[in-house]
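Here the structure is laid out as structure tokens; the discussion comes afterwards.
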Amino acid sequence: MAITMQVLKLLIQCKCARSMGFPSGQFSRVDNLSTSCQWRARKKVSQYRTVDTERYSSLVRKVLSSKTSSQTPASIENENCQLYGPVVRSRPPSQQPKVPKNLHPLLNEAKGQSEYVPGPLARITLQKDSNTKHLPSVTRILQKTMPPDQAFYLERWKRRMIAELGEEGFKEYSLNIFRQGRLFHAAIEENFTQETPSKEDPEHPMDVSGYVESVSHVLNDITGVRAIESAVQHSTLQYLGIVDCVAQYRGSLCVIDWKTSEKPKPLLRHTYDNPLQIAAYIGALNSDNNYSYQVESGLIVVAYKDGSPAHTHFLNSQQIMPFWQKWLLRLEEYAEK
């Protein structure tokens with residue numbers, strides 16, 4: 001209340017001074033009362049006013065005139081070494097490929113590549129006797145030693161299909177895929193076993209007509225068929241399997257494997273373990289005394305239901321060797337389980 005009365009008194013005195021003719025600029029004090037407000041906060045003094053600008057002016061001009069930083073990667077690394085010590089660089093892990101303990105040869109020195117002699121096709125059935133009933137098949141070995149990442153994607157695909165079709169629907173889908181594969185192989189076999197080629201295209205079930213159309217251009221390059229759906233056994237490595245076909249493909253004697261797929265597989269890596277399967281069949285055939293010849297090459301043919309041209313993956317004697325070594329590693333892994 002006292003402050004308010006002083007302000008009112010000051011305002012009255014100011015008006016009286018103006019009425020007496022005092023200039024506003026010359027009037028600054030009346031009755032020892034200050035014209036400034038007593039509650040106004042004091043103005044803060046900047047701490048930069050105490051800096052010796054003359055001393056640091058050259059440094060400021062140098063920094064402001066420089067367009068690039070004076071630091072370089074080398075200077076930063078040196079500074080880090082002084083602060084934290086030298087960098088200890090760890091060596092990358094060894095990337096040397098694994099080698100089988102027993103590098104069994106793929107070829108059989110006791111056999112040669114005999115010339116093709118027309119005659120009945122070899123069709124050796126798989127005999128389950130006391131000597132072979134405990135031998136694992138190529139398919140079983142590959143399934144039991146499937147890499148973790150491949151098994152993960154396969155399991156994820158299976159769960160997605162079950163979610164879409166249900167348990168019973170997925171079982172029916174799997175049986176249908178198996179039935180189509182069997183009919184497709186029967187159609188290929190019929191094409192090779194015809195004594196006199198028919199002028200008209202043979203009729204095939206609707207389920208496999210697209211697959212047969214897909215491989216029609218490949219069949220034109222296959223001659224000298226020697227075996228179809230015939231069992232092979234490796235007497236030393238103790239495994240067995242059934243080859244789809246043994247024939248000449250563009251002049252090279254091959255173990256041929258027919259595959260069906262819903263998705264295109266234009267690259268060899270898209271076929272996953274199929275090259276290992278081919279290598280395993282070649283090694284078993286070369287070891288089997290039921291065959292008087294040996295094979296060095298393989299062919300994977302991927303057929304499509306919509307009739308689009310099949311993809312072929314040919315593996316010559318040099319290309320098949322890395323897959324043979326991988327197969328030997330899978331054999332050792334299976335034996336350890």
Side-chain angles (χ1 to χ4, degrees), residues 115-124 139 173-232 241-279 281-282 285 293 295-317 319-320 323:
E115 296 293 331
Y116 171 68
V117 178
L121 301 180
R123 193 193 303 269
I124 300 174
T139 302
Y173 169 82
S174 301
L175 291 174
N176 188 45
I177 293 295
F178 178 77
R179 183 178 64 86
Q180 289 181 4
R182 187 177 57 198
L183 292 174
F184 172 57
H185 281 72
I188 297 296
E189 179 180 343
E190 181 183 354
N191 180 82
F192 289 143
T193 55
Q194 286 182 350
E195 296 182 0
T196 57
S198 175
K199 294 182 179 180
E200 298 181 358
D201 294 336
E203 294 184 359
H204 300 290
M206 288 294 296
D207 290 345
V208 298
S209 58
Y211 293 125
V212 176
E213 175 63 24
S214 179
V215 301
S216 59
H217 70 288
V218 182
L219 298 179
N220 296 330
D221 294 328
I222 295 178
T223 58
V225 181
R226 302 193 183 192
I228 288 184
E229 298 292 332
S230 189
V232 292
I242 299 178
V243 298
D244 289 346
C245 181
V246 180
Q248 296 276 344
Y249 173 72
R250 297 180 178 179
S252 298
L253 185 61
C254 299
V255 168
I256 303 175
D257 205 23
W258 308 100
K259 299 294 183 183
T260 60
S261 175
E262 297 180 352
K263 296 181 179 180
K265 295 185 177 181
L267 301 177
L268 184 63
R269 60 183 175 85
H270 296 155
T271 61
Y272 299 103
D273 284 342
N274 294 158
L276 277 70
Q277 187 178 19
I278 285 285
Y281 288 156
I282 293 175
L285 185 146
Y293 54 88
V295 181
E296 297 183 4
S297 303
L299 178 68
I300 302 172
V301 183
V302 185
Y304 305 109
K305 190 173 184 178
D306 60 359
S308 57
H311 285 110
T312 57
H313 303 286
F314 176 75
L315 299 168
N316 59 29
S317 56
Q319 294 170 326
I320 203 68
F323 296 107

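Because the structure is predicted, anything quoted here is derived from the model rather than measured. Counting from 1, the numbers follow the sequence of the chain as shown.
For E189, the salt bridge (charged side-chain N to carboxylate O under 4.0 Å, His left out) test picks out R123, with sequence neighbours left out. Residues forming a side chain to side chain contact (heavy atoms under 4.5 Å, CB included) with S261 (at least two apart in sequence, or on another chain): K263, K265, V302, Y304. Listed by chain and number, the residues in a ring-ring contact (aromatic ring centres under 6.0 Å, His included) with F323 amount to none (sequence neighbours excluded). Here Y272 pairs with Q150 under the side chain to side chain contact (heavy atoms under 4.5 Å, CB included) rule; sequence neighbours left out. Every residue meeting the side-chain hydrogen bond (donor to acceptor under 3.5 Å, both in side chains) condition with Q180, not counting sequence neighbours, appears here in chain and number order: Y211. By the side chain to side chain contact (heavy atoms under 4.5 Å, CB included) test, L175 is found to be paired with no residue, residues two or more places apart in sequence or in another chain being considered. Applying the salt bridge (charged side-chain N to carboxylate O under 4.0 Å, His left out) criterion to R250, with sequence neighbours excluded, gives D221. Taking S230 as the reference, Y291 meet the side-chain hydrogen bond (donor to acceptor under 3.5 Å, both in side chains) condition, with sequence neighbours excluded. For the salt bridge (charged side-chain N to carboxylate O under 4.0 Å, His left out) test, residues two or more places apart in sequence or in another chain that qualify with D257 are K259. For S317, the side chain to side chain contact (heavy atoms under 4.5 Å, CB included) partners are E296, not counting sequence neighbours. In terms of the ring-ring contact (aromatic ring centres under 6.0 Å, His included) criterion, Y281 has no residue partners (sequence neighbours excluded).
A pairwise comparison of heavy atoms in P266 and H270 identifies CD-ND1, 3.3 Å as the closest pair. Listed here is the closest heavy atom pair of N176 and R179: OD1-NH2, 2.8 Å. The minimum heavy-atom distance between P275 and L268, with the atom names listed, is CG-CD1, 3.8 Å.
The CD1 atom of I228 sits 5.0 Å away from the CG atom of L121 when rounded to the nearest 0.5 Å. Taking CD1 of I320 as the start and CD1 of I282 as the end, the distance is 4.5 Å to the nearest 0.5 Å. Distance check, rounded to the nearest 0.5 Å: CD1 of I278 to NE2 of H313 gives 11.5 Å. The CD atom of Q248 lies 9.5 Å from the OG atom of S297; values are rounded to the nearest 0.5 Å. Atom NE2 of H185 is separated from atom OG1 of T260 by 8.0 Å, given to the nearest 0.5 angstrom. Atoms CG and CD, on N274 and Q277 in that order, are 6.0 Å from each other to the nearest 0.5 Å.
Here salt bridge (Lys or Arg N to Asp or Glu O under 4.0 Å) pairs that include residues 298-317, with residues two or more places apart or in two chains, number zero.
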| message | S252 vs F314, test: side chain to side chain contact (heavy atoms under 4.5 Å, CB included). Steps then yes/no. | response | CA-CA 10 Å; S252 298; F314 176 75; 3.9 Å; yes
| task | Go through the steps for I256 and D244 under the test side chain to side chain contact (heavy atoms under 4.5 Å, CB included), then give the verdict. | result | CA-CA 6 Å; I256 303 175; D244 289 346; 5.8 Å; no
| request: Give the C-alpha distance, both sets of side-chain angles, the deciding distance and a yes or no for side chain to side chain contact (heavy atoms under 4.5 Å, CB included) between T271 and H311. | output: CA-CA 11 Å; T271 61; H311 285 110; over 6 Å; no
| I188 vs L219, side chain to side chain contact (heavy atoms under 4.5 Å, CB included): CA-CA, chis, key distance, verdict | CA-CA 9 Å; I188 297 296; L219 298 179; 4.2 Å; yes
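Remark: the backbone N or O of A310 is paired with a side-chain donor or acceptor of S214 at under 3.5 angstrom.
Aromatic ring pairs are classed by plane angle as parallel below 30°, tilted from 30° to 60° and perpendicular above 60°; the pair W258 and F184 is perpendicular.
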